[in-house]
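Shown next, in structure tokens, is the structure this report addresses.
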Amino acid sequence: ASGSATAGRDASELVVLELDPLPAVADPDAAARDDVRLFDGVSNVIQGAPVGEPCDDVFAGAPVVIERTFVNQRVIAASMEPHAIAAHYDGRRLTVWCSHQAPNTLRNALAAATGLPEDRVRVVVPALGGAFGSKSQTYPEYVVVATAAVRLGRPVRWIETRSEAMLAVHGRGQLHEVRLAAERDGRILALDVGLTVDVGAYPHTGELLGAITAGVLSGPYRIPRLHVRPRAVVTNKPPLAAYRGAGRPEAAYSLERAMDLLARRVGLDPAEVRRRNLIPRRDFPYRSPTGAVYDSGDFAAVLQRALDVADYPALREGRSAGRCFGVGIGCYIERTGGAPGSTEFGEVEVTQRGEVIVRSGSTEQGQGNRVGLAQIAAAVLDVEPGAVRVVQGDTDEVPEGTGTFASRTIQVAGLAVHASARAVLDDARRRAAEALEVAPEDLRYAQGAFSVAGTDRRVALAALAEREPLRARRSPPSPQAFPFGCYVAAVEIDPDTGRVSLQRLVAVDDAGTIVNPRLARDQVVGSVQQGVGQALFEGAAYDEDANPRFSGFNDYGIASAVEAVPVVVDHLETPNPNHPVGAKGVGEAGCIGAPPAIMNAIHDALDTDEEVTMPATPEKLWRALNRRRP
């Protein structure tokens, strides 16, 4: 039909472009030489701030030195729903519907782009079909759609195709040149990392990822000397964006692979090498050599729980049974909450009907955060969670907000909801004291009502809100939190085909106080599947001219439901001392802990010093096995 999307695509195929191609650079090392500059007069290299101090003196005298290069390949967020936006301008207000993680941030950006005041722009986020970090930016298409709607005075929409989504933004894309110095008993002396981020054609948010990785590269271990040299390099690939974990999986992968290499070199069990280097509980709060302050944890207990749940001794014995069988461990430190002192909009209201309304700048992406926020408000007000309605994703209802990313909802948004609910309760106590003509300290509160001690006189929250709703808005700053986890994987490789069979995967996390066990478990399971995808299937490959070698899911190995693996999930809880609920974050745990555990198990099965890069495809492993054979 004329004017349809199909007709438009057909018409586009009739367009012939005459181009004089310029030299392209796909490899970040080649780009760093600046032989071909992508921007006139500007270097391809963006030097990041180093972390720590040079430690060559330690390496010069260290009994054991491990050197290896590790690659975190580019991967695609592949959310169920690609990016989409629709806009309507009625002559005064611009209303935008967008699949987005941070509606208030988007509203502010579109207001600036269109020249409209912020109060004349409304952003609504409908039910969101996944995001994983890639929907937290303001993309050029969004500005075009909003501007076109204002200028044309008619509705405009843009819905990304799957092929476009795969070529728009990527995640990961880091290369680490790692040196690790240690004593012969396996105790770490120093770590030096040259960190390169392939940010693609435009730095955008990708430039920030190297700093995030550098900030957690010491992991959960005592590392006396640390030096990280980050840099971002532009290439002719699509730009990077934050993708689930955003810098932390890259750090954990390199560090945990180095720990296994250290164990192999000094002849110790990989679990024992980790145990000797983990930060002990008595040292918390602990300032890492990157400057991060770890709030709390019992790392040794989490490691031991993971080994026990996995039956680690039995798995290690299985390695000697003549099978191509391996066991791997992946420990990690996670940084949740976003930037230090990050805040979130939170408001709690009690209506005269007794309904509790929570308004939050955090946006539901399908992970169930409405349930968690409702539980926090219900616990403070001592009402049933079903009596709480959570409002998100509408800038008319929620005038301020930061958004959902960095495993921050329960930690940061939950802190705002908790503080707002406490303020509502304090105001209600004052009103109840006046209504019942008693001192506030003579009141008792339970199940949504105040009563006078020793009498049957009582007043419910709904009654106190009859004249004026009980309402409070609080956005206290939240320190970063540092959850910890340990994952154990067991794999068997078919020597004839190179196919990996994941025999066991155990995930034990300490994310502080767990508000909703089912939601926490589901977050870990979902995140693990993405970690499995990166380890075994996924990789956005390009040729030397930066042309993609994929166009859809037929040639990009996303882990589908068929490849989903069973996961044994367990938790230890060390409450966050900086949070009234004790919460940390858990949403990104699986994709941080699973890849190093799986890849360490694969290398254990191969029993070779050769480094197999992710994804560990059957072809790579078959070739590695054949090179190993006499």
Side-chain angles (χ1 to χ4, degrees), residues 70-78 132 166 170-174 243-245 248-250 252-254 256-257 260 310 315 319 323-330 332 485 487-507 524-541 549-550 552-569 588-608 610-628:
F70 302 109
V71 178
N72 252 258
Q73 79 277 26
R74 280 174 165 248
V75 293
I76 297 169
F132 310 123
M166 299 188 79
H170 295 160
R172 308 291 186 256
Q174 292 193 20
Y243 171 62
R244 197 170 193 170
R248 283 86 85 196
E250 298 90 324
Y253 184 75
S254 292
E256 289 303 290
R257 282 292 301 124
D260 258 35
L315 291 178
R319 297 164 59 252
R323 304 151 61 193
C324 191
F325 181 86
V327 184
I329 299 172
Y332 74 87
Y487 287 37
V488 178
V491 305
E492 186 165 7
I493 304 173
D494 185 329
D496 295 323
T497 65
R499 183 177 180 273
V500 175
S501 174
L502 194 52
Q503 301 287 308
R504 190 171 302 175
L505 185 56
V506 170
V524 172
V525 170
S527 186
V528 161
Q529 307 309 325
Q530 289 176 286
V532 171
Q534 181 176 6
L536 300 180
F537 308 113
E538 299 185 40
R549 291 177 172 169
F550 57 91
F553 288 150
N554 287 333
D555 43 21
Y556 176 83
I558 188 173
S560 70
V562 175
E563 287 81 27
V565 298
V567 187
V568 178
V569 178
E588 296 158 302
C591 64
I592 303 174
I598 293 169
M599 293 303 293
N600 280 336
I602 286 172
H603 285 87
D604 186 45
L606 294 173
D607 192 24
T608 176
E610 178 184 354
E611 191 67 28
V612 176
T613 58
M614 296 187 291
T617 60
E619 179 184 356
K620 285 183 184 179
L621 298 180
W622 182 84
R623 293 185 181 280
L625 285 167
N626 277 275
R627 283 191 292 270
R628 190 186 69 174

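Scope of the values below: all heavy atoms of this structure, side chains included, with no hydrogens, waters or symmetry mates.
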- State, yes or no, whether a side-chain contact exists between Val327 and Arg319 at a heavy-atom distance under 4.5 Å. yes
- Query: How close do Ala597 and Gly330 get, heavy atom to heavy atom, and via which atoms?
  - Reply: CB-N, 3.7 Å
- Looking only at atom types and distance, does a side-chain atom of Asn626 sit under 3.5 Å from a main-chain N or O of Trp622, one as donor and one as acceptor? yes
- Val524 side chain near Tyr487 side chain, heavy-atom distance below 4.5 Å: yes
- Indicate yes or no: at least one non-hydrogen side-chain atom of Tyr243 is less than 4.5 angstrom from one of Gln530. yes
- Message: So Gln73 and Pro615, do their side chains get closer than 4.5 Å, heavy atoms only?
- Response: yes
- Give the intermediate values and the outcome of side-chain contact (heavy atoms from CB on, under 4.5 Å) for residues Ile602 and Leu536. CA-CA 10 Å; Ile602 286 172; Leu536 300 180; 3.8 Å; yes
- Task: Identify the heavy atoms of Leu625 and Cys324 that sit nearest to each other, and give their distance.
- Result: CD2-SG, 3.8 Å
- Message: A side-chain contact here means heavy atoms from C-beta on lying under 4.5 Å apart; do Asp260 and Asp604 qualify?
- Response: no
- Item | Lys620 (side chain) donor-acceptor with Thr613 (main chain) under 3.5 angstrom | yes
- Query: When Gln534 is tested against each of Arg74, Arg172, Met599, Arg244 for side-chain contact (heavy atoms from CB on, under 4.5 Å), which residue passes?
  - Reply: Arg172
- Note: Gly531 and Pro595 closest approach over all heavy atoms is O-CG, 3.6 Å
- Hey, are the side chains of Val75 and Phe537 touching, using non-hydrogen atoms and a 4.5 Å cut-off? no
- Item | Sidechain-backbone polar pair: Asn72 side chain, Gln174 backbone, donor-acceptor under 3.5 Å | no
- Message: Restricting to non-hydrogen atoms, name the atom on Asp494 and the atom on Asp496 that form the minimum distance, rounded to 0.1 Å.
- Response: OD1-N, 2.8 Å
- Identify the two heavy atoms, one from Ala310 and one from Leu315, that lie closest to each other, and give their separation to 0.1 Å. O-CD1, 3.4 Å
- Message: Run Glu611 and Phe70 through side-chain contact (heavy atoms from CB on, under 4.5 Å) and show every step you take.
- Response: CA-CA 8 Å; Glu611 191 67 28; Phe70 302 109; 3.6 Å; yes
- Residue pair Ile598, Val500: steps toward the side-chain contact (heavy atoms from CB on, under 4.5 Å) verdict: CA-CA 10 Å; Ile598 293 169; Val500 175; 5.6 Å; no
- Nearest non-hydrogen partners of Ser560 and Glu563, listed with the distance: OG-OE1, 2.5 Å
- Could you go through the side-chain contact (heavy atoms from CB on, under 4.5 Å) check for Asn600 and Ile329 one step at a time? CA-CA 7 Å; Asn600 280 336; Ile329 299 172; 5.5 Å; no
- Is any side-chain heavy atom of Asp555 less than 4.5 Å from a side-chain heavy atom of Arg549? no
- Message: To the closest 0.5 Å, what do you measure between CD1 (Ile493) and CZ (Phe325)?
- Response: 11.0 Å
- Heavy-atom distance under 4.5 Å between the side chains of Met614 and Val71, does that happen here? no
- Message: When you measure from the side chain of Gln529 to the backbone of Gly526, do you find a donor-acceptor pair of N or O atoms at a distance under 3.5 Å?
- Response: no
